[in-house]
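For reference, the structure is listed below as structure tokens.
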Protein chains: 4
Amino acid sequence: MATRKPRQTRSKVTVDTIIEAGFIAVASNGTSGTTTRHIADIAGVSVGSLYEYFKNKEEIYDAMAKSFVKEVLDMVKELTPIIVEMELEPLFEMIFYTFRDLLTRDNDRYLICLQYATELKYERYIGQIEMALMEVLMKYMMRHPKYLKVNNLSVTAYISINSSIFNVARHLILPNPQISFDEMVRGLSTMIISYIDAELAKAES
Amino acid sequence: MATRKPRQTRSKVTVDTIIEAGFIAVASNGTSGTTTRHIADIAGVSVGSLYEYFKNKEEIYDAMAKSFVKEVLDMVKELTPIIVEMELEPLFEMIFYTFRDLLTRDNDRYLICLQYATELKYERYIGQIEMALMEVLMKYMMRHPKYLKVNNLSVTAYISINSSIFNVARHLILPNPQISFDEMVRGLSTMIISYIDAELAKAES
Amino acid sequence: MATRKPRQTRSKVTVDTIIEAGFIAVASNGTSGTTTRHIADIAGVSVGSLYEYFKNKEEIYDAMAKSFVKEVLDMVKELTPIIVEMELEPLFEMIFYTFRDLLTRDNDRYLICLQYATELKYERYIGQIEMALMEVLMKYMMRHPKYLKVNNLSVTAYISINSSIFNVARHLILPNPQISFDEMVRGLSTMIISYIDAELAKAES
Amino acid sequence: MATRKPRQTRSKVTVDTIIEAGFIAVASNGTSGTTTRHIADIAGVSVGSLYEYFKNKEEIYDAMAKSFVKEVLDMVKELTPIIVEMELEPLFEMIFYTFRDLLTRDNDRYLICLQYATELKYERYIGQIEMALMEVLMKYMMRHPKYLKVNNLSVTAYISINSSIFNVARHLILPNPQISFDEMVRGLSTMIISYIDAELAKAES
DNA sequence: CATGAATGAGATTTCATTCAT
DNA sequence: CATGAATGAAATCTCATTCAT
């Protein structure tokens, strides 16, 4: 019943292998098409082993969500020093391309799983990402104080961040997007920057 | 074996009841938690009847997707005459609020099902919505020709539409959004209008 | 999830068949040796059918216990009119032999299951049997008022009933009992009657 | 493969710890709820160690049964010199209370396990207890020859012993017994003694 | 000897689908 | 047409046992 905490290195590796297998399985079969046997087979372990480390299938999905979120957080943390030094336009482009690289890594694994975010309970951990992004924003504004004057700062940040995330993700998912990724990147940058400028202008009036 | 096309009124009603029940079931149990029995119980018919009208579960989901998309299309068609006469700012606000009303109707039924869009194969029909929106856009520009000059028109349209849809949907889904719906509506309007203005400006230079 | 209440005659029969099969399975394999597949096979239905009528294995065991207890209660109720008219000695003998007949019916089915009483949660329903026996006792004493004078009546009744039940059950279970059933019956009668006499004597002194 | 006989003290201690853990596990989870991991955890050893000392789970249960029976036999042997010198009435009371103390020791461990006697294969060793009790009886009658005249001596002994054992055990098991333990002890004594007297009387006639 | 990770056979349970009534 | 009992394939999960370290 109580799943043993992995003490040995061997078991830590097994846990990671299972989570990894979970991503591969969901990416190629969707949530409802993925079975514990699938995951076990891909991980190269027995079904029994799955249950040594995870109380049930749900917990594997949970671990996958945690793992993805951690990866994003690590990425954000690593980029922060560079981010705060950049101008907005190149900054946005850099972020969008980096985000794309993360999502399309390993045959779009994360990207495809993102479509099953609800069933994978990603939402449970999204709060952490939002907090991390807010933190970066704070640091950015410390370094570029003029943006502190932006009207409705929190609204502006909220909308910009959400627009960015979903446009990038959705574009990657679409099989035949009507515009290219590069076009979208430039468009998104333009949109957000002109939005910020507009709110800055409002503030000055 | 071949499921009969419902020609009589009684059958049509049953079919609609089942689709309705499908929405309720998925909204309260998710895709993986919804069984044919669930749907049958909610619809107040026997499981056998389900198969009288639908070849299998998949087809019920398919009909649900079709039904939702049809509703959106009807809404768009109905609004078109009003839309083309409006100025951008009130127009956006009107659209966002109308969209919200659609999604939150019947205890957020459509909104919640939207989270299971992938498993419900919504994507299959999304193209039709995009086409309808493009058509409205065309008509709008016939009536307001100055926007024909917008730089990268298709890119601008694509990004604006996507940003709108996802911001509205996500905001409604979030349990504790950091900003209010009204704030978001005004922000989104500002963002898109300043984006259009920016692209208009580019075009003129 | 929710097991359907059997409305049709057909399903009532199935339920009974499953309970019946449960007794046969436990009698021949013990609690831990009995599987749902076993029961389904013996009942001649599919595993799935088991779960149409019982939420889980536990519930089948529960239904078995209920069914056994009901049988005992029916037996007691049916015998009551005869019981109250008899003298103690032939009464006890009659009861012991009737009880034996019940337990050894159908290849000792009930008797063997009695050994798994704990796992079958019989205890949950034993209270009902005790109440029924007490009721009979009351009626008996209405008809034979001299026993009302017995010293410590409730203690005497408790010990007599328990001694009877366990001696009969255990004797039937033992593979090579040192004494015959007839000897035991006579001994038990003697013991209880002399016990009652002793308590009657105490009361008179 | 062949499990080694524990000759060293350390091994003997481990074996005892495991048997001890077996009792605790069964007492708190029942037979079907007890796993080898449970036992190992309680014993504070690894599952592997279990198999170092016991060929399989069955053997642990077997050792538990043996251990319980040995304890009873030791108790009987130790009490024999006192027993043979006592009069019947105080004797019975003494035995009942001593038996209770054994069963309720360590949070009712033995008592609870007694309910799983069938699955724990206690029966396999019960013969030894009966023999020991018969031996004590013999010695008692050597010392109190008048009881040698009892009619149907073996029947009387059999019924008395069984009535005693089951009444005591069952009373302890019952959550809300209708009579107190003391009342039962006195009642049981009265019953058996009057039974013996009755059989003595019969013999004299 | 001790460990506990790994196994896999087999148990329980679910549920889309069929079909006799 | 409607029903819902019955099905059984396939999923989830358990756990005694083994074996490399």
Side-chain angles (χ1 to χ4, degrees), chain A residues 1 4-15 32-40 44-58 60, chain B residues 1 4 6 8 10-11 14 32-41 45-58 60, chain C residues 1 4-15 32-40 44-58 60, chain D residues 1 4 6 8 10-11 14 32-41 45-58 60:
Chain A
M1 190 104 309
R4 234 164 251 276
K5 282 272 158 62
R7 300 235 177 102
Q8 300 180 4
T9 319
R10 182 154 59 126
S11 43
K12 179 75 177 73
V13 169
T14 306
V15 166
S32 65
T34 293
T35 71
T36 48
R37 195 167 296 263
H38 264 314
I39 299 176
V45 300
S46 65
V47 244
S49 283
L50 249 57
Y51 289 88
E52 279 283 320
Y53 300 107
F54 300 95
K55 226 179 75 192
N56 50 38
K57 205 186 169 189
E58 185 82 342
I60 300 178
Chain B
M1 190 98 312
R4 69 194 80 229
Q8 298 164 20
R10 189 150 63 108
S11 311
T14 308
S32 65
T34 293
T35 69
T36 48
R37 219 184 237 190
H38 259 311
I39 299 176
D41 283 349
V45 301
S46 65
V47 248
S49 283
L50 247 57
Y51 286 86
E52 200 63 41
Y53 297 106
F54 298 94
K55 222 178 73 197
N56 50 37
K57 204 187 171 190
E58 187 80 343
I60 300 178
Chain C
M1 192 103 312
R4 234 164 252 275
K5 281 274 158 64
R7 300 236 178 101
Q8 299 178 5
T9 319
R10 183 154 60 124
S11 43
K12 179 77 177 73
V13 169
T14 307
V15 166
S32 65
T34 293
T35 71
T36 48
R37 193 167 297 262
H38 264 314
I39 298 176
V45 300
S46 64
V47 246
S49 283
L50 248 55
Y51 289 87
E52 280 284 319
Y53 301 107
F54 300 94
K55 226 178 75 192
N56 49 39
K57 205 185 168 190
E58 186 81 341
I60 300 178
Chain D
M1 189 99 312
R4 67 194 83 229
Q8 299 164 17
R10 190 151 62 109
S11 311
T14 308
S32 66
T34 293
T35 69
T36 48
R37 221 183 236 192
H38 258 313
I39 299 176
D41 283 350
V45 300
S46 65
V47 247
S49 282
L50 247 56
Y51 287 84
E52 199 63 40
Y53 297 105
F54 298 93
K55 222 178 75 196
N56 50 37
K57 204 188 174 189
E58 186 80 342
I60 300 177

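Letters A, B, ... mirror the listed sequences (proteins, then strands); counts begin at 1. Values in this document were obtained by computation on a predicted structure and should not be read as measured data.
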### Query
Across the strands shown, which category fits C:V47 at heavy-atom distances under 4.0 angstrom: base, sugar-phosphate, nothing?
base
### Query
DNA chain E: A:V45 or C:R37, which has the more 5' nearest nucleotide?
A:V45
### Message
Can you identify which nucleotide, out of F:dA6, E:dC1, F:dA16, has its nearest atom closest to the C:S49 side chain?
### Response
F:dA6
#### Entry: Closest nucleotide among E:dA2, F:dA2, F:dA6 to the D:E52 side chain
E:dA2
### Query
Which heavy atom in C:L50 sits nearest to a heavy atom in C:T36, and how many Å separate them?
CD2-O, 3.3 Å
### Query
What nucleic acid atoms does A:S32 come within less than 4.0 Å of, heavy atoms only: base, sugar-phosphate, or nothing?
nothing
### Residue closer to the 5' end of DNA chain E, C:G48 versus C:T34 (nearest nucleotide)
C:T34
#### Entry: Nearest-Å distance for atom pair CZ/C1', residues A:F54 and E:dA5
14 Å
### Task
Measure the distance from NZ on B:K55 to P on E:dT17 and round it to the nearest whole Å.
10 Å
### Query
Just wondering, do D:D41 and D:H38 contact through their side chains at under 4.5 Å, heavy atoms?
no
### Message
Tell me whether D:S49 contacts the main-chain N or O of D:E52 through its side chain, where contact means a donor paired with an acceptor under 3.5 Å.
### Response
no
#### Entry: Below 4.0 Å: OP1/OP2 of E:dT17 and any side-chain N or O of B:Y51
yes
### Query
Taking the nucleotide of DNA chain F with the closest heavy atom to each, which residue, A:E58 or D:T36, is nearer the 5' end?
A:E58
### Query
On DNA chain F, nearest-nucleotide positions of D:N56 versus C:G44: which is more 5'?
C:G44
### Query
Between F:dA16, F:dA6, F:dC1, which nucleotide gets closest to the side-chain atoms of B:Y53?
F:dC1
### Query
Under 4.0 Å between a side-chain N or O of C:T14 and OP1 or OP2 of F:dA5?
no
### Task
Select one nucleotide: of E:dA5, E:dT7, F:dT7, the one nearest the side-chain heavy atoms of A:S46.
E:dT7
### Task
Would you mind classifying the nucleic acid contact of C:T35 as base, sugar-phosphate or nothing, using non-hydrogen atoms under 4.0 angstrom?
sugar-phosphate
### Message
Could you tell me the Watson-Crick or G-U partner of F:dA20, where both distances fall under 3.5 Å? Say none if there is no partner.
### Response
E:dT3
### Summary
When rounded to whole Å, the CG to P distance for the pair C:L50 and F:dG8 reads 14 Å
### Summary
When every non-hydrogen atom of D:Y53 is compared with those of D:T14, the smallest separation belongs to CE1-CG2, 3.5 Å
### Query
What are the two closest heavy atoms between D:T34 and D:K57, and how far apart are they?
O-NZ, 2.8 Å
### Nearest-Å distance for atom pair NZ/P, residues B:K57 and E:dA16
4 Å
### Message
Output the rounded distance in Å from CD1 (D:I39) to P (F:dC15).
### Response
12 Å
#### Entry: Spacing of B:I60 atom CD1 relative to E:dA16 atom P, expressed in whole Å
9 Å
